[in-house]
Amino acid sequence: MITREEIANVLDQPVYDGDGNKIGDAKHVFFDDMTGRPEWVSVKTGMFGSTESFVPIRDAALVQDHLEVPYGKDQVKGAPSVDVDAGGHLSETEEHRLYDYYGINWDSVLSEAERTDDDRWAAGPGTAGAAGAAGAAGAAGMAGRTGETGGEDTRAAAGTGGMAGRQDAMEREAMRGDQAMTRSEEQMHVGVERHESGRARLRKYVVTEEVQQTVPVTHEEVRVVREPITDANRDEALAGPEISEAEHEVTLHAERPVVETETVPVERVRMTTEELTENETVRGQVRKERIEAETESFTEDETGRGGKRRGRE
């Protein structure tokens, strides 16, 4: 059986079945108001601890660095799903359903709680203040189960509903006698990471364009020039026979465009990169813890036993 002093060594530790199979990690421990002993442990199971199963802790044992329970892994994972209310309690119906599932007789649990409560009354008035409410509720069928978060009892009669209280991992300081709680919250830290967003390359290829250019060209044409006989050219004109046949040939010339190409460098092209800074809004969710104070006032019923009334601030 796990004692109160061992709870700090149970929370967040692995939970194994009797065959050495890991079931999950212990998340919360629930106490029995009447006996003051640990009654249930919730185990985070499934992928990434996505589900939480309840398993009795009365027959569990702390072995080195893990908790060992006498139930199979599949049985624990198949336990009925229960809804723990905002105060961290199991209802009587839920707890009864869990006891039935694990084959634990409800009447024997009730009888054990009542015997423990009677022992506390027999111890004298020094313990009556803390245990009185639980004892009065014991006759109503485990009606007064609630949580313990500190070194001293904080049990209260809930009126109806058999409930077990939860011991959170963040409340380990209270178990060591510290009366203060630590409130934590998540903070979001945003950084940047560098990754490839694309590729750029230079590629050179050849295209053919039509180019038009105007260039002047010349050619020779024949023009017949007739000159009258004058004193200046008379001798040349009379140098030949008086009447004869003759032929005179002239070569004509013309220009035509001639095209040739040459390769010349015209520019240098390279690629560079530059960094541009933009503002992006990042949104995320962070969790924060809130701490509420609960107050209890003591009343007396007709039997003379003390009762409590709970309030919240």
Practice task
Please determine, by modelled atom types, if E221 and H219 share a side-chain donor-acceptor pair under 3.5 angstrom.
Solution key: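 Yes, H219 and E221 have a side-chain donor paired with an acceptor closer than 3.5 Å.
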State, to 0.1 Å, how close [X] and [Y] come at their nearest heavy-atom pair, and which atoms those are.
| X | Y | result |
| --- | --- | --- |
| E255 | P216 | OE1-O, 4.2 Å |
| L98 | F54 | CD1-CB, 3.7 Å |
| I7 | P38 | CD1-CG, 3.6 Å |
| Q75 | Y101 | O-OH, 2.5 Å |
| L11 | K27 | CD2-O, 3.7 Å |
| P14 | K22 | CB-CE, 4.0 Å |

So does [Y] get a backbone contact from the side chain of [X], meaning a donor-acceptor N/O pair under 3.5 Å?
| X | Y | result |
| --- | --- | --- |
| S42 | H28 | yes |
| D65 | N9 | no |
| D100 | G103 | no |
| Y102 | A79 | no |
| D19 | N21 | no |
| E39 | F30 | no |
| R97 | S81 | yes |

Beyond-backbone contact of [X] with [Y], side-chain heavy atoms, under 4.5 angstrom:
| X | Y | result |
| --- | --- | --- |
| L67 | Q13 | no |
| V55 | I23 | no |
| R234 | D231 | yes |

Handout entry: Over 12 non-hydrogen atoms of neighbours within 6.0 angstrom of CD in E185
Key =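 Enclosed: over 12 neighbouring heavy atoms sit under 6.0 Å from CD of E185.
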Practice task
Let me see the working for D17 and V76 under side chain to side chain contact (heavy atoms under 4.5 Å, CB included), right down to the final yes or no.
Solution key: CA-CA 9 Å; D17 63 11; V76 174; over 6 Å; no
Check the hydrophobic clustering (I, L, V, M, F, W, Y; side-chain heavy atoms under 4.5 Å; chains of links allowed) and say if [X] and [Y] are grouped together.
| X | Y | result |
| --- | --- | --- |
| V215 | V259 | no |
| V250 | V222 | no |
| L252 | V217 | no |
| W40 | Y16 | no |

Handout entry: Charged N-O contact under 4.0 Å between R287 and E186
Key =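 Judged by the 4.0 Å cut-off on N to carboxylate O distance, R287 and E186 do form a salt bridge.
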With rounding to the nearest 0.5 angstrom, report the [atom1] to [atom2] distance, [X] to [Y].
| X | Y | atom1 | atom2 | value |
| --- | --- | --- | --- | --- |
| E275 | R194 | CD | CZ | 5.0 Å |
| E289 | S184 | CD | OG | 4.5 Å |
| E262 | E260 | CD | CD | 7.5 Å |

